[in-house]
Amino acid sequence: LQLDSIPGEFYGDIAIVREYVDEIWRGAWPTYFDLSAGPLYHYAIAPILAVTGTDYQGIKLASVLVGLLTLMPLYGLGRQLHSIELGLLSAFVGAVGSWLLIFSRLGNSQIIIPLLAVSAILLVVRVAKYGRLSDVIGSAAVSALGLYAYPQTFILAPVMLATLTCLWLTGTAVRPRH
């Protein structure tokens, strides 16, 4: 709703996204952090921007799509923790909550942080419930992606490792082979 008007100016964070994606398209394969923004978000949205364009509207649409993608693991987390109803309620609250709503509409690359965090937590909950090695590997992979997003997400991998270790020490579905 009114994606083209709120906010209407092309500001610093958006310019960084545009410049970074341009470097990706030129084949430079950038891996640096620019004003705390790592390469993960830019590589993730580069295919979207190939379709929508690198104008402000296209960049904002890409971040909205990442924000919408975050609703999937939110639903899955609620469902794994309790029921389909809690999953739907979690997705609804995420969809109308201020953090996801504001950051996805701004076109800000920080929108990748909740996607990574909720996905890693969902996978750890699945490890605790089912003890599958694929969920352990998925949690490790998603947590490691935090090293390429923002300094705030650098802690994601150690926290998930500590969580899995605690689950193993308490005998909850995590096996030593994991």
Side-chain angles (χ1 to χ4, degrees), residues 13 16-17 20 29-46 48 62-178:
D13 289 342
I16 290 169
V17 170
Y20 211 108
W29 296 103
T31 57
Y32 60 87
F33 280 68
D34 195 353
L35 295 178
S36 295
L40 179 64
Y41 177 75
H42 306 101
Y43 279 97
I45 67 164
I48 298 169
S63 70
V64 166
L65 292 174
V66 173
L68 286 172
L69 186 62
T70 304
L71 299 178
M72 292 171 54
L74 265 175
Y75 166 78
L77 183 59
R79 184 171 180 181
Q80 289 295 320
L81 289 174
H82 192 271
S83 63
I84 291 174
E85 291 81 12
L86 182 61
L88 291 171
L89 180 62
S90 300
F92 174 76
V93 170
V96 299
S98 63
W99 209 95
L100 276 178
L101 194 60
I102 289 170
F103 274 95
S104 65
R105 289 180 57 82
L106 287 176
N108 198 310
S109 57
Q110 290 178 356
I111 194 67
I112 197 126
I113 294 172
L115 176 62
L116 292 174
V118 175
S119 297
I121 293 167
L122 169 62
L123 289 163
V124 166
V125 168
R126 291 173 53 93
V127 168
K129 285 183 80 169
Y130 309 115
R132 290 189 295 237
L133 183 59
S134 60
D135 291 328
V136 174
I137 292 169
S139 179
V142 169
S143 298
L145 287 175
L147 297 171
Y148 302 100
Y150 271 89
Q152 299 92 315
T153 56
F154 289 178
I155 196 163
L156 193 58
V159 167
M160 291 301 116
L161 177 63
T163 303
L164 289 171
T165 302
C166 290
L167 290 172
W168 174 60
L169 291 174
T170 60
T172 307
V174 180
R175 311 287 185 265
R177 66 182 171 89
H178 295 154

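Atom set for the values below is all heavy atoms of this structure, side chains included, hydrogens, waters and symmetry mates excluded.
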Where [X] and [Y] come nearest, the two heavy atoms and their spacing:
X	Y	value
Tyr41	Ile111	CE1-CG2, 3.6 Å
Tyr150	Ala37	OH-CB, 3.7 Å
Gly94	Leu74	CA-CD1, 3.9 Å
Val17	Ile45	CG1-CD1, 3.6 Å
Ala91	Tyr75	CB-CB, 4.1 Å
Leu116	Leu145	CD2-CB, 3.9 Å

Calculate, to the nearest 0.5 Å, the distance between atoms [atom1] and [atom2] belonging to [X] and [Y] respectively.
X	Y	atom1	atom2	value
Leu100	Ile113	CG	CD1	11.5 Å
Ile155	Ser143	CD1	OG	11.5 Å
Ser36	Ile16	OG	CD1	9.0 Å
Thr153	Leu40	OG1	CG	8.0 Å
Ile48	Leu65	CD1	CG	5.0 Å
Arg132	Arg126	CZ	CZ	4.5 Å

Checklist line | Student check: side-chain heavy atoms of Ile121 and Met160 closer than 4.5 Å | finding: yes

Check: Under 4.5 Å between any side-chain heavy atoms of Leu115 and Pro73, yes or no?
Finding: yes

Kindly check if the number of other-residue, nucleotide or ligand heavy atoms within 6.0 Å of [atom1] ([X]) is above 12?
X	atom1	answer
Tyr148	OH	no
Leu81	CG	yes
Phe154	CZ	yes

Please check this pair: side chain of [X] against backbone of [Y], looking for a donor-acceptor N/O pair closer than 3.5 Å.
X	Y	value
Tyr43	Pro30	yes
Ser90	Leu86	yes
Tyr20	Gly38	no

Item checked: Residues Val96, Phe92; criterion side chain to side chain contact (heavy atoms under 4.5 Å, CB included); working and verdict -> CA-CA 6 Å; Val96 299; Phe92 174 76; 4.0 Å; yes

